[in-house]
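Reading through the structure tokens given below for one structure.
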There are 2 protein chains.
Amino acid sequence: MSKKPDFDALVNNKRIDNVDTSALNILFSLFDKPEVISFAAGLPTQELFPREELVKIAPKVFIEDGAKSLQYGAAEGYAPLREKILARTKNLYGVEKSLDEILLASGSQQAMDLFCKTVIEEGDVIFVETPTYMGALNAFQQYFPKFVSLEMDDEGISIEDLKAKMEMYPNAKCLYTIPTFQNPTGKRMSLARRKELLEAVKDTDLLILEDNPYGELRYSGEELPTLLALDDCDRVVYMGTFSKIFVPGTRIGWVLGPKELLAKMKKFESAGELQGNTITQHLANAYMEEFDLEAHIVEIKDCYRKRRDAMLEALEKYMPEGCTWTHPDGGLFLWVTMPENANTNDAFDYCVAEGAAYCPGEGFFANDVKYNYLRMNFSPHTEEVIDKGVKMIGDGLKKYLATL
Amino acid sequence: MSKKPDFDALVNNKRIDNVDTSALNILFSLFDKPEVISFAAGLPTQELFPREELVKIAPKVFIEDGAKSLQYGAAEGYAPLREKILARTKNLYGVEKSLDEILLASGSQQAMDLFCKTVIEEGDVIFVETPTYMGALNAFQQYFPKFVSLEMDDEGISIEDLKAKMEMYPNAKCLYTIPTFQNPTGKRMSLARRKELLEAVKDTDLLILEDNPYGELRYSGEELPTLLALDDCDRVVYMGTFSKIFVPGTRIGWVLGPKELLAKMKKFESAGELQGNTITQHLANAYMEEFDLEAHIVEIKDCYRKRRDAMLEALEKYMPEGCTWTHPDGGLFLWVTMPENANTNDAFDYCVAEGAAYCPGEGFFANDVKYNYLRMNFSPHTEEVIDKGVKMIGDGLKKYLATL
């Protein structure tokens with residue numbers, strides 16, 4: 001009989017232990033409870049997936065283009081799709097980039113992994129918002145950075161705090177921000193703040209990683225320029241995705257940035273994955289050729305605007321006293337603040353017992369975890385279900401608060 | 001005006017410099033020369049892609065299953081597809097595994113990345129074959145291992161050399177092998193050697209990473225058990241892929257291994273990519289439900305067997321004296337040895353000038369690079385084109401040899 005290898009000893013425990021996905025466990029517990037109305041995950045609504053349209057383009061993608069769409073492809077992604085994304089970037093944001101300034105990735109998550117491989121060394125300081133997207137923290141954690149959290153107000157990152165932290169950490173490598181309809185808060189950085197941010201860092205080597213999965217989902221308020229558009233020195237590395245405006249199952253994200261950096265990221269795309277998904281890159285490309293993506297996004301926005309309004313209305317009706325929440329102009333989420341002595345991990349079970357679930361806020365803090373926050377996703381449910389589910393959440397929170 | 005960040009200084013140059021993809025540059029040079037008959041890349045033939053079949057299952061995948069196929073999915077991959085792969089593994093290799101012992105990845109390349117994140121620490125010794133797959137070297141290089149090369153003969157890894165190297169490196173982490181129709185040589189490890197290999201490591205913690213993209217493409221000789229099937233102690237981590245038996249554009253690979261290890265790899269799948277590609281996982285699953293994958297593989301084998309035979313015949317006819325080559329029983333490749341004073345990087349241009357290209361052997365050596373080898377891929381071209389192209393290669397090599 002052979003010796004069974006000692007897996008606990010032989011794996012890279014340092015890396016495994018540094019990636020803290022424990023905040024997800026409470027969400028995984030929902031998988032066995034499909035009857036629960038969940039506002040927990042960040043899912044787009046499946047009703048608006050362009051199913052018939054994908055069937056219509058199947059002959060084009062699989063037969064006509066099969067020699068390319070089914071074969072191995074380029075590490076940087078399918079050129080016609082990259083051209084279309086660049087054309088949209090120009091239309092939407094007034095930013096002109098060339099084909100060597102765009103790299104396709106297997107979703108923004110994998111784009112972050114490529115960015116980290118290329119940029120982050122152990123101990124490097126990454127500035128993050130408070131709170132920030134937990135998935136980004138997990139991607140970064142694989143590479144052992146030091147997170148330094150920046151304070152936020154309703155206009156976005158506090159520039160005063162940023163300046164203080166830059167003085168403390170003059171060699172910080174990058175600042176990760178979701179300036180538009182942030183995950184988890186739904187907040188949008190004001191135009192003045194965007195300009196102040198770029199001004200504050202203008203003499204440094206600090207990279208700004210702008211994550212913009214929700215920017216096109218604006219339901220109210222004025223259009224604001226992206227940081228990418230305001231950047232005058234190739235400092236902003238920008239990430240976009242088809243997940244929220246088309247189909248998450250395509251797993252297509254993209255990075256726009258300086259070509260020196262992208263050439264290096266492409267090296268890791270080759271080494272770590274060979275290439276992205278040729279089939280879904282061709283599907284997205286054919287969809288944009290045959291159908292009107294812009295009209296599809298208008299449809300998504302009309303749907304989500306009603307759902308956001310329904311959730312804001314339901315929160316007014318059902319939430320216990322002492323709770324407040326953000327009123328986002330776009331995106332998928334809003335962020336609820338409970339009284340300071342509340343713990344949304346503990347309250348979770350009370351709400352699930354009523355029949356509805358939210359995402360506890362704990363996982364969205366890189367430092368100084370706060371427990372009295374929760375995230376609500378309004379995109380996947382109809383207005384009726386939102387009203388019903390938020391009532392359950394309100395009832396559960398009231399029962400929980402009565403125990404304190 | 002803002003300061004442009006100093007990209008050369010702020011990136012992780014240690015990691016960037018450690019990944020040596022320079023051997024690919026000579027292949028990239030072929031992209032602009034579509035008229036050249038290329039035996040360089042490892043492409044499956046596009047003629048056999050099941051194009052019509054994919055169109056037929058499109059309504060099932062995009063409409064009927066759209067709520068799941070187009071939505072976010074599980075990090076470990078679509079369960080029905082994992083079940084089908086497990087059923088095939090049982091049929092083909094007599095190995096029974098459970099759903100928590102299989103993880104889908106975005107191709108074997110990404111599976112290797114996950115394995116490295118989970119297992120490899122800087123300086124860890126990885127035993128590799130001489131020569132070995134250059135893409136695997138690139139995946140490993142991202143994590144700073146020390147490669148220790150093992151000698152090979154026609155039966156596979158030299159056990160004597162393995163034992164000597166194990167004595168020198170008693171804490172080696174893993175042994176990477178492609179035992180069946182190896183890339184680049186086409187060699188197959190004999191049954192005796194497979195057993196000796198497992199016997200030699202049986203008292204150690206050494207993991208064996210068995211990469212088996214070509215095992216099902218056998219054109220002659222007896223079926224041999226996989227290392228996975230011979231393993232009695234969960235030492236073998238096995239990688240399979242749909243790239244060579246179905247469609248490379250699906251980007252679906254899988255890892256079979258001990259569940260303790262796979263649970264850790266899954267953590268990095270979440271952190272580094274969220275999940276694999278839901279759409280193509282559903283496409284592969286529906287294809288296996290509606291069509292006969294086994295019959296499709298028979299068709300591929302019938303095609304490639306003829307092409308292998310045609311290439312062996314053409315090599316006999318056209319290669320210069322002093323060259324020898326392997327006679328593989330399966331896979332996509334064979335490996336040519338030129339006289340010791342030859343350099344296949346230099347000879348490359350002579351062959352391209354004649355109108356055909358091969359893959360120089362340099363990139364397949366982890367240590368002690370040899371320059372007198374080249375790899376030929378016989379899968380993508382018809383017998384006629386193979387004859388024509390190998391003649392060009394032979395002519396080019398003769399012209400090159402005359403200059404020495």
Side-chain angles (χ1 to χ4, degrees), chain A residues 2-7 10-12 15-16 19 21 43 46 49 51 54-55 58-59 62-63 66-67 69-72 106-107 109-110 113 117-121 138-139 142 173 202-203 205 207 232-235 247-251 258 260-261 264 267 270-274 277-280, chain B residues 2-7 10-12 15-16 19 21 43 46 49 51 54-55 58-59 62-63 66-67 69-72 106-107 109-110 113 117-121 138-139 142 173 202-203 205 207 232-235 247-251 258 260-261 264 267 270-274 277-280:
Chain A
S2 312
K3 176 185 188 304
K4 182 172 165 132
D6 179 357
F7 293 107
L10 66 75
V11 296
N12 186 334
R15 180 177 278 119
I16 292 163
V19 177
T21 53
L43 300 184
Q46 39 126 321
F49 291 155
R51 302 183 194 195
L54 288 167
V55 172
F62 294 130
I63 297 177
S69 68
L70 305 180
Q71 190 54 283
Y72 287 106
S106 295
Q109 191 77 22
Q110 197 248 343
D113 191 70
K117 279 180 175 168
T118 309
V119 170
I120 303 301
E121 294 176 82
N138 291 157
Q142 302 177 101
K173 271 280 176 80
K202 80 180 167 86
D203 297 325
D205 282 321
L207 287 177
D232 68 352
C233 64
D234 263 357
R235 178 185 304 286
V247 171
T250 56
R251 311 308 303 127
E260 304 96 305
L261 192 70
K264 294 175 166 92
K267 193 172 182 179
S270 289
E273 187 177 69
L274 267 193
N277 196 290
T278 339
I279 290 176
T280 63
Chain B
S2 313
K3 174 186 190 305
K4 181 169 166 136
D6 178 357
F7 294 107
L10 66 74
V11 296
N12 186 335
R15 180 177 278 119
I16 293 163
V19 177
T21 52
L43 301 183
Q46 39 126 324
F49 291 155
R51 302 182 193 195
L54 288 168
V55 172
F62 295 130
I63 296 178
S69 69
L70 306 179
Q71 190 55 281
Y72 287 106
S106 295
Q109 192 77 21
Q110 197 246 345
D113 191 70
K117 280 180 176 170
T118 309
V119 170
I120 304 301
E121 294 176 83
N138 291 156
Q142 302 178 101
K173 272 281 175 81
K202 80 179 167 89
D203 296 323
D205 282 321
L207 289 177
D232 68 351
C233 65
D234 263 358
R235 179 186 305 285
V247 172
T250 57
R251 310 307 305 126
E260 305 95 305
L261 192 71
K264 293 175 166 94
K267 193 172 183 180
S270 289
E273 186 176 72
L274 268 193
N277 196 290
T278 339
I279 290 176
T280 61

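Here is how names work: the chains are called A, B, and so on, in the same order as the sequence lines, proteins then strands, and each is numbered from 1.
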Let me know if B:Ile16 has heavy atoms under 4.5 Å from chain A in its side chain, its backbone, both or neither. both
If one checks every heavy atom of B:Lys117 against chain A at 4.5 Å, the contacting part turns out to be both
Name the member of [options] that forms the most heavy-atom pairs with chain A at distances under 4.5 Å.
options: B:Ser106, B:Pro258, B:Ala139, B:Pro5; result: B:Pro5
options: B:Thr278, B:Ile279, B:Asn277, B:Leu10; result: B:Asn277
options: B:Gly107, B:Ser270, B:Ala67; result: B:Ala67
options: B:Gly66, B:Ala58, B:Gly272; result: B:Gly272
options: B:Thr21, B:Ile63, B:Asp203; result: B:Ile63

Contact class of [X] relative to chain B, heavy atoms under 4.5 angstrom:
X: A:Leu54; result: both
X: A:Gln71; result: both
X: A:Ser69; result: backbone
X: A:Tyr72; result: both

Going through the checks in order, is the side-chain contact (heavy atoms from CB on, under 4.5 Å) test met by A:Asp232 and A:Lys202? CA-CA 9 Å; A:Asp232 68 352; A:Lys202 80 180 167 86; over 6 Å; no
Leading residue by heavy atom contact count with chain B [cutoff under 4.5 Å; candidates A:Arg51, A:Glu121, A:Gln110]: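 With the most close heavy-atom pairs to chain B, the winner is A:Arg51.
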